[in-house]
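Below is one structure, written out as structure tokens; comments come after it.
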Amino acid sequence: MKDEPRCKYRSFMLDSGRQYQKIETIKKYIDLMSLLKMNYFHWHLTEGLGWRIEIKRYPKLTSIGSNVARGKEQQGYYSQAEVKELIIYAKERGITIIPEIDIPGHSEAALASYPSLGCTEDSIIIPENGFTDQLFCAGKDSTLFFLKNVFLEICNLFPSQYIHIGGDEAPKGKWNKCSLCQSKIQALGLKDSNQLQLWLMIQIAEYLKTQGKYAICWEDVIHHDFTKELPNNLIIHWWNWRGHKDEAFNKACTLGIPVICGTNYYTYLNFPDKPWKGYAQDRTSSVYDVYYRNESLPRLSHKNTLGMSCSLWTDYGLTEDLLDQRLFPKIFILANQMWSNSTITLNDFLTVLIKKKKFYSPLGYTYTINRYSKSDFNKSTTP
């Protein structure tokens, strides 16, 4: 019997920016990825709440930036030696680690470390949750110099052909008031601050191209008009079904840009079963949603689709002891969707997972099935 993947690119993303996880915990989930035939570990390493990776040229990113948050498990960083260890560990299991350095937003921790990189040098406010309009200043040449130096160390450290450069959720309030940003917009002949962000992302993508890398960007970068042709090493990570449906997917395909499908409806593993802290009812998901309503699935056969991702964001204090509760059993469903065109019912699939508990439990993975309603078990529709 022939067994081959439905998607060439099958990724799991862990947010280590908002919440720091121990190396052994990350290895635990790399092991899980290997068991589930995933091949890319997307590692979200920078956030407003913490800069998690050692950059030797800029030591304050970790001496200050890794400790700006005050919550449980929100302090700490990974040395380059630890990162190299993880890269080898993942490679031995058939997995490539893709680092994400998020720009220009979600950068409060970096700006707290080096205030001159922002539009103002005022005290940086670290958000307890969410994000602010405190962005890397695109009007300063020193910002681009800094970012290129950071990405050079990242490229030299990670063998991955893909580097994720973020680009999401970057409010332009400060840019709109910044004389340097506005002067840069005028000098480049751009229309507004949104085009300035795309210009900045293109500068980094083109720099990564000189290092032999592809640049992955969250979909936000193509929601606005742009005047310059996009570099041919750009990949769009489509995520915001909740906000923009399939607008970004369709636009990327029209432009001939490869797409990673990872919509928040329903590949976001942080969406709980029931409302929790900042997750209201419209940001929850059941196993039925993940199995039958995953908006990424219908696009997997498109010629521009590179593959599929699933993501575990750790906002609102999703500490290590809570991770398995979010992951299981939904990650089994998503991994199966990435690999197989299976059409068995959800009831039958979950029955298999109940039997597999004897294998997974001794490995340290904890999950239950009986917490789901009977209605989820008895749907006869196929995905």
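Please read all numbers here as calculations on a predicted model, not as lab measurements. Start at 1 with the first residue, then count along the sequence.
- Not counting sequence neighbours, the partners of Glu85 by the side-chain hydrogen bond (donor to acceptor under 3.5 Å, both in side chains) test are Lys27.
- There is no side-chain donor-acceptor pair under 3.5 Å between Asn294 and Tyr265.
- When atom types are taken as modelled, the side chain of Asp192 and the backbone of Gln195 share a donor-acceptor pair closer than 3.5 angstrom.
- Sorted by first then second residue, the salt bridge (charged side-chain N to carboxylate O under 4.0 Å, His left out) pairs that include residues 242-269, not counting sequence neighbours, are Arg242-Asp282, Asp246-Arg299.
- Applying the ring-ring contact (aromatic ring centres under 6.0 Å, His included) test to pairs two or more places apart or on separate chains, those with a residue in residues 45-81 are Tyr20-Tyr78, Trp43-Tyr78, Tyr58-Tyr114, Tyr58-Phe146.
- Remark: the Thr263 side chain and the Ser296 side chain contain an N/O donor-acceptor pair separated by less than 3.5 Å.
- Clustering of Ile, Leu, Val, Met, Phe, Trp and Tyr by side-chain heavy atoms under 4.5 Å joins Leu180 with none of the others.
- Salt bridge annotation for Arg293-Glu295: absent, with no cationic side-chain nitrogen under 4.0 angstrom from a carboxylate oxygen.
- Residues Phe349 and Phe332 place their aromatic rings such that the two centres sit no closer than 6.0 Å.
- Applying the ring pair (Phe, Tyr, Trp, His ring centres under 6.0 Å) rule to His164 yields the partners His42, Trp218, His237; only residues at least two apart in sequence or on another chain are considered.
- A donor-acceptor pair is defined here as one N or O able to donate and one able to accept, closer than 3.5 Å; such a pair exists between the side chain of Ser107 and the backbone of Pro104.
- Take His224 and apply the ring pair (Phe, Tyr, Trp, His ring centres under 6.0 Å) test, not counting sequence neighbours, and it matches no residue.
- Its side chain within the 4.5 Å cluster rule, Tyr9 clusters with Tyr40, Ile98, Tyr162, Tyr214, Ile216, Ile235, Ile260, Leu306 among the Ile, Leu, Val, Met, Phe, Trp and Tyr residues.
- Under a 3.5 Å cut-off, the side chain of Arg326 and the backbone N or O of Leu322 do not form any donor-acceptor pair.
- Remark: side-chain polar atoms of Glu219 are paired, donor with acceptor, to backbone N or O of Asn240 under 3.5 angstrom.
- Side-chain N or O atoms of Ser361 include none that pairs as donor or acceptor with a backbone N or O of Lys358 at under 3.5 Å.
- Judged as a side chain to side chain contact (heavy atoms under 4.5 Å, CB included), and not counting sequence neighbours, the contacts of Cys181 are Cys119, Cys137, Trp175, Cys178, Leu196.
- Asn270 and Tyr316 share no donor-acceptor pair across their side chains, judged by distance under 3.5 Å alone.
- In this structure, the salt bridge (charged side-chain N to carboxylate O under 4.0 Å, His left out) partners of Lys28, at least two apart in sequence or on a different chain, are Asp324.
- The side-chain hydrogen bond (donor to acceptor under 3.5 Å, both in side chains) check on Trp276 picks up nothing, with sequence neighbours excluded.
- Residue pairs meeting the salt bridge (charged side-chain N to carboxylate O under 4.0 Å, His left out) criterion with at least one partner in residues 40-51, sequence neighbours excluded, are Arg18-Glu47.
- Residue pairs that meet the salt bridge (charged side-chain N to carboxylate O under 4.0 Å, His left out) test with at least one member in residues 153-180, sequence neighbours left out, do not exist here.
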